[in-house]
Amino acid sequence: MRNSFVFQGDLTGKNILIFDDIITSSNTVKEIIRTIEKANPKNIEILALASSHRVKK
């Protein structure tokens with residue numbers, strides 16, 4: 001799953017909210033976070049409708 005996503009932008013000082021329908025393995029969310037963190041956001045939060053477990057960074 002590494003390097004599955006690409007973001008080329010600047011999110012410096014921005015608060016980011018990622019919506020996901022269901023988190024199962026959390027691999028997708030973790031990879032999205034890794035990708036977005038490179039753009040220097042102020043904060044990243046995750047909102048999911050359902051999860052099979054608690055997501056850890």
Side-chain angles (χ1 to χ4, degrees):
M1 180 126 276
R2 288 255 182 200
N3 302 316
S4 296
F5 303 103
V6 175
F7 178 79
Q8 297 177 342
D10 182 17
L11 298 174
T12 302
K14 304 284 185 181
N15 293 308
I16 305 301
L17 179 60
I18 299 169
F19 290 96
D20 197 354
D21 56 349
I22 299 173
I23 296 176
T24 51
S25 69
S26 73
N27 289 331
T28 303
V29 170
K30 287 178 183 178
E31 186 60 23
I32 290 171
I33 290 170
R34 273 193 281 273
T35 302
I36 290 176
E37 282 179 333
K38 296 173 188 174
N40 198 31
K42 177 180 177 183
N43 190 35
I44 301 173
E45 298 288 335
I46 307 296
L47 177 63
L49 298 178
S51 176
S52 62
H53 65 283
R54 179 174 243 165
V55 177
K56 295 181 182 177
K57 207 174 184 183

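Computation of the quantities below employed the complete heavy-atom set of this structure, encompassing side-chain atoms and omitting hydrogens, waters and symmetry-equivalent molecules.
- No option in D20, T28, I22, N27 other than I22 meets the side chain to side chain contact (heavy atoms under 4.5 Å, CB included) test with T24.
- Looking at I32 and R34, their side chains never come closer than 4.5 Å, going by heavy atoms from C-beta outward.
- Looking only at side-chain heavy atoms (C-beta outward), E37 and I44 come within less than 4.5 Å of each other.
- To the nearest 0.5 Å, atom CZ of residue F7 and atom CD1 of residue I16 are 7.0 Å apart.
- In terms of heavy atoms, G9 sits closest to A39 at O-CB, 3.5 Å.
- Put simply, the side chain of I18 does not reach to within 4.5 Å of the side chain of V29, judged on heavy atoms.
- Put simply, the side chain of S52 does not reach to within 4.5 Å of the side chain of I23, judged on heavy atoms.
- In the hydrophobic clustering (ILVMFWY side chains linked at under 4.5 Å, chained through shared members), L17 is joined by F19, L47.
- At distances below 3.5 Å, at least one donor-acceptor pair connects side-chain atoms of E31 with backbone N or O atoms of N3.
- The line from CD1 of I46 to NZ of K30 is 11.5 Å long, rounded to the nearest 0.5 Å.
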